[in-house]
Amino acid sequence: MGGGGRERAGWSSVALGVDDEGDVAVEVVTGSGPPVIVAGARPFAAWVVDGDRVERAEVPELPWRFFDLGGATRGPDPESPLVAVGVAHLDDDSSRPGGLVSADGARWEPVTDDDLAVPGVLSDVAATADGFVAVGGRIDPTSEYQDELVPAAWRSVDGRAWEQLDLDGVGGPDGGGGAGLTAVAADGERLWVSDSAGTWVSPDGGETWERGKLPPVGGAPVGGGEGGFLLVGAIGGVDEGSRVVAWTSPDGEAWEPASPPEGLLDRVAFPLAAATPRGFVVGGDMSIEAFADPAACYVDIVACGQNRGVVAALEDGEWSLLDTTGAGDPASWRPDALAVSDDDLLVVTPGGGFTLWRHDLAGLRRLEPPEPPALTGPPLVESGAQLDVGRTYRYPLYVHCGAGYLGQFNGQHWYAVPGEGIDDEDLNDARLPIVQNELFGEMTVVSEDRIEYRAGDVLVNAYQPKPDEPPTCE
């Protein structure tokens, strides 16, 4: 099956034709041959990219119900195969590490080595100087917790026969969190493996290990050679909003902070990264969480709570935003995978089946980081604030369980006045600015015992203080 691309403001695109409704992982494998896209579909799918065309790879019937893709890579030289690893879920509801191998990306075969047939997971794979290393975790039969994983890694020369590595204390008694290893990277004989507690380095292909100096962001570096290395991760969480952090190194030993400026990649929780001829590209989904960034929602209620894709470049030590105008609908264009091949930026996006987007990287406009929008008008307050009579305030009202309780202000709890405003069952039909159960309206303190909450000209409710404790909401 093949597909042709269509030009669209400098971008070409082609639909891959696979159902992505099940949160399917996808990767783009580059290297000495044509790019290959692999996806952990039900149970596995792959495509070979030829310019603006893609050809669906041949995959035999697999003995798995579905396949959670952990990682994929191409071997160290032009004759090396491609390898994909992950978790194979069997018909009896059990799972185990699984792998597939291909000579050229056009036809794949399952790995049948019994050394992988152990209870556990495979999370990532990297090409080494003489083969491959895959990492993950195996079930610890001595643990009191049934699904606790201990760090595990396997080595292979050809991607078909694997042997387990002696990790010599990687993870240690103080780290790992029972999730095994999450990432691996290689630069010749040197290996990095990571888990939630930190990074370990092997200078000799996995024979010996020592604690690495990389920041503990749960990932592994990209790049290598004259272009140096980049390590990216995200800090923050749902409540405060995530932010991308980055470090660069010329040799993989000494690392310097190189985080993007404020506003460039804010709210990207799972950054993707790839090396380019001039540096690196980093991208992902950015979203405004209603309760984490209410000011942004008041500035742009349409963007509030919506995931949007963003790609930035780090070149010569400077960050810039890449102009993705013309690459689909901005409100739904979200990178699930990105890579650089033959000076082209490749981005795979979900939505009605995966789509591959391609653009000459040098031809993409570099944009300045956008200025964060300024919130003007009434001040934004939180529950617990002291309010002045006669003033209006912005306050996002949580309406998951209705609008009967406003919050605590001036040391009192405020409840809806019966018979005024909108009934709870009519809230969602009233075309109010509600995003993720937060109503973005304004409240005016009419008197010491009355607050009116409005969304535009609509009176949502009037509130009065009561000595009752706040209601529970589940």
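Within 6.0 Å of CD on E382 lie no more than 12 heavy atoms contributed by other residues, nucleotides or ligands. Around CG of D104, the count of heavy atoms belonging to other residues, nucleotides or ligands within 6.0 Å exceeds 12.
When side chains are defined from C-beta on, V49 does not count as touching P34, because their heavy atoms never get closer than 4.5 Å. Counting only heavy atoms from C-beta outward, the side chains of W47 and V36 never approach each other to under 4.5 Å. Side-chain atoms of T182 and D124, non-hydrogen and from C-beta on, never get closer than 4.5 Å to each other. Looking at V299 and T376, their side chains never come closer than 4.5 Å, going by heavy atoms from C-beta outward. At least one side-chain heavy atom of L231 sits under 4.5 Å from a side-chain heavy atom of W255. Looking at heavy atoms from C-beta onward, V201 lies out of side-chain contact with W209 at the 4.5 angstrom threshold. For the pair L364 and V311, the minimum side-chain heavy-atom distance is 4.5 Å or more. Within the 4.5 Å cutoff, the side chain of V348 has heavy atoms near those of the V28 side chain.
The line from NZ of K213 to CH2 of W192 is 12.5 Å long, rounded to the nearest 0.5 Å. Separating the CG atom in L272 from the CG atom in D285 is a distance of 8.0 Å, to the nearest 0.5 Å. The OG atom of S95 sits 8.5 Å away from atom CZ of F66, with the distance rounded to the nearest 0.5 Å. For the atom pair L361 CG and L322 CG, the distance stands at 6.5 Å (nearest 0.5 Å). Expressed to the nearest 0.5 Å, how far CZ of R56 lies from CD1 of I37 amounts to 11.0 Å. A distance of 7.5 Å separates CG of L116 from CZ of R96, quoted to the nearest 0.5 Å.
A side-chain donor-acceptor contact under 3.5 Å links S123 to the backbone of L181. Within the 3.5 Å criterion, the main-chain N or O of V399 finds no donor-acceptor partner in the side chain of N437. A donor-acceptor pair under 3.5 Å is formed between the side chain of T128 and the backbone N or O of G131. Distance alone, capped at 3.5 Å, is enough to place a donor-acceptor pair between the R155 side chain and the G205 backbone. With D50 contributing its side chain and R53 its backbone, the two residues share no donor-acceptor pair below 3.5 Å. At distances below 3.5 Å, at least one donor-acceptor pair connects side-chain atoms of S194 with backbone N or O atoms of G219. Under the 3.5 Å distance criterion, the side-chain polar atoms of T73 are left unmatched by any main-chain donor or acceptor of V125. A donor-acceptor pair under 3.5 Å links the side-chain atoms of S102 to the main chain of R107, judged by distance alone. Counting only distance, with no hydrogens or angles, the side chain of D204 and the backbone of E207 share a donor-acceptor pair below 3.5 Å. Side-chain atoms of W64 do not come within 3.5 Å of backbone N or O of H89 as any donor-acceptor pair.
Screening residues 266-347 for disulfide bond (SG atoms under 2.5 Å apart), with sequence neighbours left out, gives C297-C304. Within the structure, the disulfide bond (SG atoms under 2.5 Å apart) test picks out no pair touching residues 105-140 (sequence neighbours left out).
Under a 4.0 Å N-O distance rule, the pair D316/R278 qualifies as a salt bridge. Using a cutoff of 4.0 Å between basic side-chain nitrogens and carboxylate oxygens, E315 and R366 are scored as salt-bridged.
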- List the steps and the verdict of ring pair (Phe, Tyr, Trp, His ring centres under 6.0 Å) for W319 and F280. CA-CA 10 Å; W319 285 94; F280 305 92; 8.9 Å; no

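Classification of the Y298-F440 ring pair by plane angle, with boundaries at 30° and 60°, yields perpendicular.
Each of T349, V281, L346 was evaluated against L338; a single residue qualifies, V281, per the side chain to side chain contact (heavy atoms under 4.5 Å, CB included) test.
Between the side chains of S80 and D77, at least one donor N or O lies within less than 3.5 Å of an accepting N or O.
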